[in-house]
There are 2 protein chains.
Amino acid sequence: MMNRESIVKALREKGIKLTPQRLAIIEVLIERNDDHPGAGVIYREARKKIRRISLSTVYATLGEFSRRGIIKTLQFDQMENRYEGNLAEHVNLICKGCGKIIDYEAPISLDPAKVAKKTGFQMLDSRLEYYGYCRDCAGRPKGKRDKILL
Amino acid sequence: MMNRESIVKALREKGIKLTPQRLAIIEVLIERNDDHPGAGVIYREARKKIRRISLSTVYATLGEFSRRGIIKTLQFDQMENRYEGNLAEHVNLICKGCGKIIDYEAPISLDPAKVAKKTGFQMLDSRLEYYGYCRDCAGRPKGKRDKILL
DNA sequence: AGCTAATCTGGAATGATTCTGAATTGTATA
DNA sequence: TATACAATTCAGAATCATTCCAGATTAGCT
Ligand SMILES: [Mn+2]
Ligand SMILES: [Mn+2]
Ligand SMILES: [Zn+2]
Ligand SMILES: [Zn+2]
């Protein structure tokens with residue numbers, strides 16, 4: 001999961017063309033998996049790998065991958081959206097100071113069947129996040145550590 | 001919690017002036033609590049209550065309340081942000097078809113102490129969401145029920 | 001009643017994302 | 001290996017929720 005071969009295979013199976021742009025984006029997503037990079041970072045990193053790639057393509061590709069369930073999009077509005085290849089259910093710990101996003105494995109068990117029975121809601125994707133301060137930012141003086149407002 | 005008196009009291013205590021605009025916004029938030037309304041809805045509803053209020057004020061007020069911990073902001077980028085007064089930890093079930101947001105009470109317990117010990121991360125606010133289809137939208141034919149892309 | 005910092009306002013600015021339509025290219029097929 | 005064409009890429013324009021601005025108004029205090 002989240003290695004070049006498996007992704008390339010997934011793309012072939014879904015009939016998505018393999019282009020240099022897409023391969024570059026995939027590489028960035030793999031290399032920076034822990035960072036949960038945004039479109040800007042992905043664009044700049046991908047540019048180092050191949051001669052030509054446009055921001056439009058980056059957005060189109062990330063949208064396509066996300067829609068196909070190959071990656072996951074974390075949406076924000078005061079901050080670039082962030083993308084991750086870790087599709088396993090996990091909690092993202094998001095630092096309000098520096099925007100760092102840390103994966104936290106935890107068996108969060110909402111039983112889809114129970115939820116459906118109670119509310120009629122059919123669960124598909126989850127978004128489990130906690131906002132707070134990472135080790136580094138928790139250290140800094142209170143006044144000057146907020147970047148994300150919330 | 002989430003009644004006019006308690007909120008007004010909270011504002012007075014925090015030294016936030018009571019203006020007609022703010023009171024109107026508070027009333028909307030209370031009346032439409034279940035809807036998790038966006039800034040647009042809040043603006044239009046508030047306009048029915050008082051002669052003059054601008055969208056700028058609605059945004060400023062919601063931002064202020066959110067920052068002060070009086071309400072909570074749910075951030076999106078393909079959809080207006082949504083606001084809620086239910087500060088208790090709960091899961092929001094978000095319908096990808098119609099955008100409806102349903103509160104779901106569930107004892108999702110990540111132990112802050114344990115997380116801090118493991119990762120150094122200091123948890124403050126949570127955002128627990130599941131995306132899927134509400135009872136109504138789950139019924140409709142697959143092709144024509146998606147509004148939220150993700 | 002007067003003072004003043006806080007608040008409100010309409011309009012302009014922002015900025016991430018989406019859209020557009022023409023040019024390019026990956027891949028299936030012969 | 002060449003051909004065909006739908007898929008993909010591209011630069012630039014458009015979108016639109018949100019934020020910023022600077023001047024006008026006002027809540028709450030003395
Ligand atoms: Mn993650
Ligand atoms: Mn809720
Ligand atoms: Zn941090
Ligand atoms: Zn629905």
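In what follows, chains carry the letters A, B, and so on, assigned in the order in which the sequence lines appear, proteins first and then strands, with residues in each chain numbered from 1.
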I want to verify a distance call: between C:dC8, C:dG26, D:dA11, whose nearest atom is closest to the B:T57 side chain? C:dC8
Within the pair B:Q78 and C:dT18, is there a side-chain N or O less than 4.0 Å away from OP1 or OP2? yes
I want to check one thing: is the phosphate of D:dC10, taken as OP1 and OP2, less than 4.0 Å away from some side-chain N or O of A:Q21? yes
Round to a whole Å and report the spacing from CG of B:L18 to C1' of D:dC29. 14 Å
Of all heavy-atom pairs between A:V28 and A:A46, which one has the smallest distance, and what is that distance? CG2-N, 3.8 Å
Kindly assign one of parallel, tilted or perpendicular to the pair B:H36 and B:H90, based on the angle between their ring planes and the thresholds 30° and 60°. tilted
Donor/acceptor link under 3.5 angstrom from B:T19 side chain onto base of D:dA27: no
Take atom CD1 of A:I25 and atom P of D:dC10, then tell me their distance rounded to the nearest Å. 9 Å
Residue mapping more 5' on DNA chain D - nearest nucleotide basis, B:R82 or A:V58: A:V58
Quick check on C:dG10: is either OP1 or OP2 less than 4.0 Å from any side-chain nitrogen or oxygen of B:S56? no
Within this structure, what is the NZ-to-P distance between A:K17 and D:dT8, rounded to whole angstrom? 6 Å
Reading DNA chain C from 5' onward, which residue's closest nucleotide shows up sooner: B:I16 or A:E80? B:I16
Residue-phosphate contact under 4.0 Å: A:N81 side-chain N/O, C:dT17 OP1/OP2: yes
Please state how far atom CG in A:L11 lies from atom C1' in D:dA7, giving the value in whole angstrom units. 14 Å
Please report, rounded to the nearest Å, how far the P atom of D:dA14 is from the CG atom of A:L55. 18 Å
Let me know the distance between OH of B:Y59 and C1' of D:dC21, rounded to the nearest Å. 17 Å
Under 3.5 Å, is there a donor-acceptor pair between the side chain of B:N86 and the main chain of B:A88? yes
Tell me whether the NZ or CZ atom of A:R52 lies within the 45° cone about the ring axis of A:Y43 and under 6.0 Å from its centre. no
Which nucleotide sits closest to the side chain of A:T61: D:dT8, C:dC8, D:dT9? D:dT9
Let me know the distance between CD1 of B:I53 and C1' of D:dT26, rounded to the nearest Å. 15 Å
To the nearest angstrom, the CZ-P distance between B:R47 and C:dC8 comes to 16 Å
Phosphate oxygens OP1/OP2 of D:dA7: is one of them under 4.0 Å from a side-chain N or O of A:R22? no
Linking I/L/V/M/F/W/Y whenever any side-chain heavy atoms sit under 4.5 Å apart, do A:I70 and A:V8 land together? yes
Taking 4.0 Å as the cut-off, does a side-chain nitrogen or oxygen of B:S54 come that near to OP1 or OP2 on C:dT9? yes
For A:A39 and B:Y43, find the nucleotide of DNA chain C closest to each by heavy atoms; which residue's nucleotide sits nearer the 5' end? B:Y43
